[in-house]
Amino acid sequence: MSKGESLLYVTQVAPYRDGPAGAHSVLEQSATAVAELADHAGLNFERAVDVRSLDPNALRRAAVVALFTIGETPWSPEQRTALLEQLRAGQTAIVAIHSATDSCYTWPDYGAIVGARFNGHPWTQTITLDVLEPDHPALRHLGPTWSWHDEVYQFRDLRPDARVLLRARESDLDLSVRGAQRPHFGFPLSLCFTEGQGRVFSTTLGHFPQACESVDYLRHLAGGLSWVRGEDR
């Protein structure tokens, strides 16, 4: 990636259209973890907790924009344009963490940025994740399966070109609980894909603070960061 070597981490909790989104206590620990990963990758770390005070040029300068957002993030039209143009030109990559898919429902293009739209998390439990691309840098430290405790997301509008990296086993999930659905594509919890010339890595994992103390989880994020920067296939 040829432009400024910085990672901009956006960690904003904003209200939904119909009410508050709630808080994520993991955000501060997540910021510490992502700063460490950025440093290890040779990137300067910047953080934005409220995009209303974010200069659109910061989006244009960033080699990577990492998102841990929830609710209707108040991106300005200029910020939206900058992020999309830079991504599609291959000048900025995206790393979407945990609830980033549960954001920006009033921004139609946002689904293309994060790969799918959140459609509830009826389960919070320990699950077996199938590792579908064992040679991917976000997964190669794992075996054929990964046991993990987290919120289990279900999606709608999954990009048809998304490469599913991790998928929860349907047999682990009680589909009779309120809100549960059975998407035809199953229960993917980590994806990667390209949008224009830019790369996007997305993982829904990381709701609990303990994630940021897990070496396996941090290597999962680090491998995703490596992939979006074009350092691996």
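Quick caveat, the model's predicted, so the values are computed rather than measured.
Of the possible polar contacts, none joining the Thr145 side chain to the Thr128 backbone as a donor-acceptor pair under 3.5 Å is found. A donor-acceptor pair under 3.5 Å links the side-chain atoms of Gln125 to the main chain of Asp172, judged by distance alone. Judged by distance alone, with hydrogens and angles left aside, the side-chain atoms of Ser30 form no donor-acceptor pair with the main-chain N or O of Val26 at under 3.5 Å. Looking at Thr92, its side chain does come within 3.5 Å of a backbone N or O of Ala62 through a donor-acceptor pair. Of the possible donor and acceptor atoms, one in the side chain of His149 sits under 3.5 Å from a partner among the backbone N and O of Thr126. Without hydrogens or angle criteria, Asp102 side chain to Phe118 main chain gives no donor-acceptor distance under 3.5 Å. A distance-only check finds no donor-acceptor pair linking the side chain of Gln181 to the backbone of Gln154 [under 3.5 Å]. No donor-acceptor pair closer than 3.5 Å links the side chain of Asp130 to the backbone N or O of Pro144. Judged by distance alone, with hydrogens and angles left aside, the side-chain atoms of Thr124 form no donor-acceptor pair with the main-chain N or O of Glu151 at under 3.5 Å.
Contact record, Trp227 with Cys192: CZ3-CB, 3.6 Å, taken as the closest heavy-atom pair. In terms of heavy atoms, Leu173 sits closest to Arg169 at CG-O, 3.7 Å. In this structure, Gly206 and Asp150 approach most closely via the heavy-atom pair N-OD2, 2.7 Å. The minimum heavy-atom distance linking Arg159 with Ala112 is given by the pair NH1-O, 2.9 Å. A pairwise comparison of heavy atoms in Val114 and Ala96 identifies CG1-CB, 3.9 Å as the closest pair. Minimum interatomic distance between Gly230 and Arg199 (heavy atoms only, all atoms of both residues): CA-NH1, 3.7 Å.
Between Arg229 and Glu5 there is a salt bridge, with a side-chain nitrogen of the basic residue lying less than 4.0 Å from a carboxylate oxygen of the acidic one. By the 4.0 Å N-to-carboxylate-O rule, Glu133 lies too far from Arg140 to be salt-bridged with it.
A heavy-atom distance below 4.5 Å is not found between the side chains of Leu191 and Val200. A 4.5 Å side-chain heavy-atom check between Gln29 and Thr32 finds every atom pair outside the cut-off. Side-chain contact between Leu165 and Phe201 is present, with at least one heavy-atom pair separated by less than 4.5 Å. Between Leu189 and Leu129 there is a side-chain heavy-atom pair separated by less than 4.5 Å. Proximity of Thr69 to Val51: side-chain heavy atoms (C-beta onward) are nowhere separated by under 4.5 Å. At least one side-chain heavy atom of Leu27 sits less than 4.5 Å from a side-chain heavy atom of Val13. A heavy-atom distance below 4.5 Å is found between the side chains of Leu83 and Val65. Between Thr204 and Phe187, every side-chain heavy-atom pair lies at or beyond the 4.5 Å cut-off.
In this structure, SG on Cys212 lies 8.0 Å from CG on Leu221, to the nearest 0.5 angstrom. Taken to the nearest 0.5 Å, the CD1 atom of Ile113 stands 11.5 Å off from the OG atom of Ser202.
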If you apply the rule ring-ring contact (aromatic ring centres under 6.0 Å, His included), what do you find for Phe208 with Trp148, and how did you get there? CA-CA 11 Å; Phe208 293 106; Trp148 186 253; 9.3 Å; no
Given side-chain contact (heavy atoms from CB on, under 4.5 Å), test Thr73 with Trp107 step by step and report yes or no. CA-CA 10 Å; Thr73 312; Trp107 181 7; over 6 Å; no
Could you check Glu72 against Thr106 for side chain to side chain donor-acceptor pair (under 3.5 Å), going step by step and ending with a plain yes or no? CA-CA 7 Å; Glu72 291 297 337; Thr106 59; 2.9 Å; yes
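With sequence neighbours left out, Ser176 forms a side chain to side chain donor-acceptor pair (under 3.5 Å) with Asp174. Under the ring-ring contact (aromatic ring centres under 6.0 Å, His included) criterion, Phe68 pairs with His24, His98, not counting sequence neighbours. For Phe155, the ring-ring contact (aromatic ring centres under 6.0 Å, His included) test picks out no residue, with sequence neighbours left out. Partners of Arg117 under the side chain to side chain donor-acceptor pair (under 3.5 Å) rule, at least two apart in sequence or in another chain, do not exist in this structure.
The salt bridge (Lys or Arg N to Asp or Glu O under 4.0 Å) contacts involving residues 73-83 comprise Arg60-Glu78, where partners must be two or more places apart or lie in separate chains. Residues in residues 211-223 take part in these side chain to side chain donor-acceptor pair (under 3.5 Å) pairs, two or more places apart or across chains: Thr203-His220.
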